[in-house]
Amino acid sequence: MELLWQALVQGLIFGSIYGVGAVGFALVYNTTRIFHVVYGALANLGLLVAMAMGAGSHPWRLFATVPLGMVAAALVGVAIYVLVYRTMAHRGATPINIFVASLGLNLLISAVLQIVYGPTTLYFDYPSLFRTHQLAGLDLSDLDLICIVVGLVVAGTALVLIRRTFWGRQVRAVSSSSEVAALVGVRSTLVLVTVFAASSAIAMLCGLLYGMQTSVAAPVDPTLTLLAAISVLLAGRGSYFGAYSAGMCLGVVEGIVAAELPGQWSVAVVFGIFVIVTLARPRGLFAGRVT
Amino acid sequence: VIQVLEGDVALIAIYAIVILGLGFIAGMGGLFSVCQAGMFGIGAFVFSGLYAYGAPTDLLVAMPVAIVCGAGISVVVALVALRVSGDFFVVASFALQIVMTSVLYNWSTVSGGPSGAYGLPSPTIGGVSFASPGRNEVLIVVVAAVLFAFAWWLRRAPFGKLVRAMGADEPALQAAGFEPARLKLSTFAIGGMLAAAAGVLYASYIGIAQVDDFDINVSIVLLAAVLVGGSRSLWGSVIGGFVFIGLPRLLTLVNTPASLAGPLQELIFGGLLVAVMMFLPEGIASGPARLRGRVNSAGRSSVTQAVER
C-alpha cells in the first residue's frame, strides 16, 4: 500500500512536469492550431545552453543561467514562427505541411545539438537538491517539491494571464479568428511572437525540471513533446487548466504502471491509452466544446 | 565514390523497399504516417523472434509470417487513420511508433533489449543457403526488383489510381462514389507488408536487429525520403534509399568522424524536410510542373483518371 502511495506521489511529480509542458504546448496549439512538435527540441536547446554556462554545477548558477536558457529557447522559437510557420501560412500551406515542417525542424535542431554538444550525458550534481524529507511517511526530495510548486505556479500564471490581462484577451482574440482580431486593431503577428516566446520559455522550464529529475543529453527525446501534445489533445482545444490536469493524469498513470509492471512498460501503456481513446473518441475526451 | 557505395547496394535496396511501402501510404495516399520504421522493425524482429524461439528461420517461413504480422499491425494504424485525419493522425501514428519501440524494448527474448539481438542466421530458402558474400546481395536485389515490379503494376492498376486520387483530393473521391475506408486499410496493409519483408531481409543480411534502428527518428527520416524524393513516382523511393544509406557513407569520404554521420544525416534530412514543405509541398518531382503553374491540374487529373477508368 505504501509502495502504491509512493508511486502515486512519484506520478504527481512527473505529472507536474508534463503539466508544465502541456501548458506551453497549449499556448501555441490553442492560439494557432499548429502542432508545434519542435517544442521538445526548444526545451532541450534552452536546457543545454543553461548547462553550458554551468547550470548543473552549483545551485546559485542555476538562477543565473536558467533565464538565459529561456531567452535562447524563446529566440529560436520566435525565429521558427516568423521564418517558417508564418511564411508557410502566407503561402497557403496546409496544417499538415506545417506539422511535417515542424517534425523536420525537430530533427534539425536535435542534430545541431548533437554536433555541438557531442554524445555525453550530463547530470545535475548538487546533493542538496536530492536531500529527502519524510512527509507523512513518503519520501520527497527538495527537487520534488520544486517540481510541484513550479508546476502549479506556471499553470496558475498562464491561466491568470490568459483570462485576466489585456494580453490574454488579445491572445484569445487571435485564437478565435486572427482576421477579426486584425480588424479590431490587434496586431496579431506581435501577439503571436509573444505567444511563441512564452511557449518556448515554458518548454525550457519543463525540460529543466525533467532534466533535473533524470539526465540531460543532446539527442531530443520525442516522448516529452508527445506527452505534452497528447495532454492538450485529451483536454480539448482552449483549456489550459485541462491541459495541465491531463498532463498530471498521464504522469500518475505512468507512475502507477511503472510501480506495478516490470521493465519499462509505462510508456507503452500511456501511449496505448491515447491510441485507444483516439479510436473510441476521435474528437477528444471533452468533445462538443466549440471554440 | 562507386567503390564506397558498392558494399551498400543491399542496404540501399532494403531501404528502397521500406520507402516504396511508405510511398503508397504517405506519397500516393497522402496519409502522413510516422511509424514506418516500426513496421520495418516488425519484420526484423519476426526474424529474430523465430530464431530466438527455435522456430525455422528459412525465408519460406519467415517471409510469410513477417508479411502477415506487418500487414496486420499496419491495419491497426489504418484503423486509427479511419477515425482521425490530418495532423491528429500524425500524432496518433507518432504515439503508435513509440508504443511499438517500447514494446520491442521490453520483449527482450525477441529484441535483446537495449543491446539488440545479435548473431542472427544468414538467409536460406528451402534449405539452400545464401550466406556466401555476393549471393546474399543478389538475393536482396532480386527480391527488391520483384517488389518494385509489383509496385509498378499496382500503381497503374485501378487500385493505384484510386490511392493517388485519395491523396490528391479525398472529398472528390467520395463525391465520385468511392469509399475511402477499404482503400485506406489496403494501402496500409501493402505498406506494412513491404516494410516487414524488407525487415526480414535486413535482419538476415546484417545478422543484427537493434530497436534503435527502428525508432521515431528513422520514421521521420523515411517520411522525409518519401516527400523529398518526389512522392508520386517509384524512382523517388530508389533515390530515397540511395540518399538514406549513401549520404552518411559519402560524408565519411570527406573525413567526417563516424560519430557525426548520424547527426549529419538527421541534419540534412531535417533541413530537406523543412525546405520541401516550405517551397515545394508537392515534392521535388512537382518542381517543373509548379513552375509552369500546372500543379492543380495534375492533382485533379488523377481523380478524373480514377473516375473514368
Side-chain angles (χ1 to χ4, degrees), chain A residues 33-35 37 80 83-84 87-88 91-116 118-119 218-223 225-226 229-230 233 261-275 278-284, chain B residues 26 30-32 34 76-77 79-80 82-108 113-114 215-217 219-221 223-224 227-228 259-260 262-279 281-282:
Chain A
R33 290 197 186 208
I34 290 174
F35 262 99
V37 235
I80 286 172
L83 297 177
V84 181
T87 317
M88 287 183 77
R91 288 162 162 270
T94 57
I96 191 141
N97 284 345
I98 296 184
F99 186 164
V100 174
S102 189
L103 276 175
L105 284 168
N106 190 54
L107 206 59
L108 190 76
I109 294 181
S110 175
V112 170
L113 292 177
Q114 285 179 68
I115 290 166
V116 174
V220 175
D221 181 6
T223 328
T225 321
L226 197 55
I230 285 174
L233 289 187
L261 288 180
Q264 293 162 337
W265 284 101
S266 49
V267 179
V269 170
V270 168
F271 293 131
I273 289 174
F274 169 71
V275 173
T278 310
L279 282 173
R281 308 216 41 184
R283 283 158 200 277
Chain B
L31 303 154
F32 289 4
V34 278
V76 174
V77 184
L79 288 176
V80 177
L82 293 185
R83 300 288 290 179
V84 291
S85 60
D87 34 15
F88 280 76
F89 169 67
V90 187
V91 175
S93 70
F94 202 127
L96 278 169
Q97 163 74 45
I98 291 186
V99 171
M100 278 191 268
T101 323
S102 101
V103 167
L104 286 172
Y105 253 123
N106 288 300
W107 196 357
S108 51
D215 71 358
I216 178 72
N217 284 341
S219 271
I220 297 174
V221 169
L223 183 63
L227 299 178
V228 170
S259 64
L260 279 185
L264 278 175
Q265 186 197 20
E266 289 179 15
L267 183 81
I268 293 165
F269 273 99
L272 280 175
L273 202 50
V274 178
V276 167
M277 282 297 117
M278 281 186 80
F279 303 111
E282 315 278 320

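Every chain is numbered from 1 and lettered A, B, ... according to where its sequence line falls, protein lines coming before strand lines. Because the structure is a prediction, the values reported are computed rather than measured.
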Can you give me the closest heavy-atom contact between A:S110 and A:P219, atom names plus distance? OG-CA, 3.8 Å
For B:T101, which residues count as a side chain to side chain contact (heavy atoms under 4.5 Å, CB included) partner, sequence neighbours excluded? B:Q97, B:Y105, B:V211, B:D215
With only heavy atoms counted, which part of B:V34 is less than 4.5 Å from chain A, the side chain, the backbone, both or neither? side chain
May I have the list of side-chain donor-acceptor pairs in residues 271-279 of chain B shorter than 3.5 Å, sequence neighbours left out?
none

Among A:S102, A:P222, A:G272, single out the residue with the greatest number of heavy-atom pairs under 4.5 Å to chain B. A:P222
Part of A:L226 within contact of chain B (heavy atom distance under 4.5 Å): side chain
If one checks every heavy atom of A:V37 against chain B at 4.5 Å, the contacting part turns out to be side chain
Under 4.5 Å heavy-atom distance to chain B, tell me which part of A:I80 shows up: side chain, backbone, both or neither. neither
Give the minimum heavy-atom separation between A:A218 and A:G118, together with the two atoms involved. CB-O, 3.8 Å
Name the member of B:V103, B:L223, B:L79 that forms the most heavy-atom pairs with chain A at distances under 4.5 Å. B:V103
Below 4.5 Å, heavy atoms only, C-beta onward: do A:F274 and B:V91 meet side chain to side chain? yes
Tell me, side chain or backbone of A:A280 under 4.5 Å from chain B's heavy atoms, or both, or neither? backbone
For chain B, find which of A:L113, A:L103, A:V275, A:V100 contributes the most heavy-atom pairs closer than 4.5 angstrom. A:V100
With only heavy atoms counted, which part of B:L267 is less than 4.5 Å from chain A, the side chain, the backbone, both or neither? both
Relative to the ring of B:F88, is the ring of A:F35 parallel (under 30°), tilted (30 to 60°) or perpendicular (over 60°)? perpendicular
Under 4.5 Å to a heavy atom of chain B? For A:V267 that would be both
Please determine whether side-chain contact (heavy atoms from CB on, under 4.5 Å) holds for the pair A:I96 and B:F89, giving the CA-CA distance in whole Å, both sets of side-chain angles, and the decisive distance to 0.1 Å. CA-CA 10 Å; A:I96 191 141; B:F89 169 67; over 6 Å; no
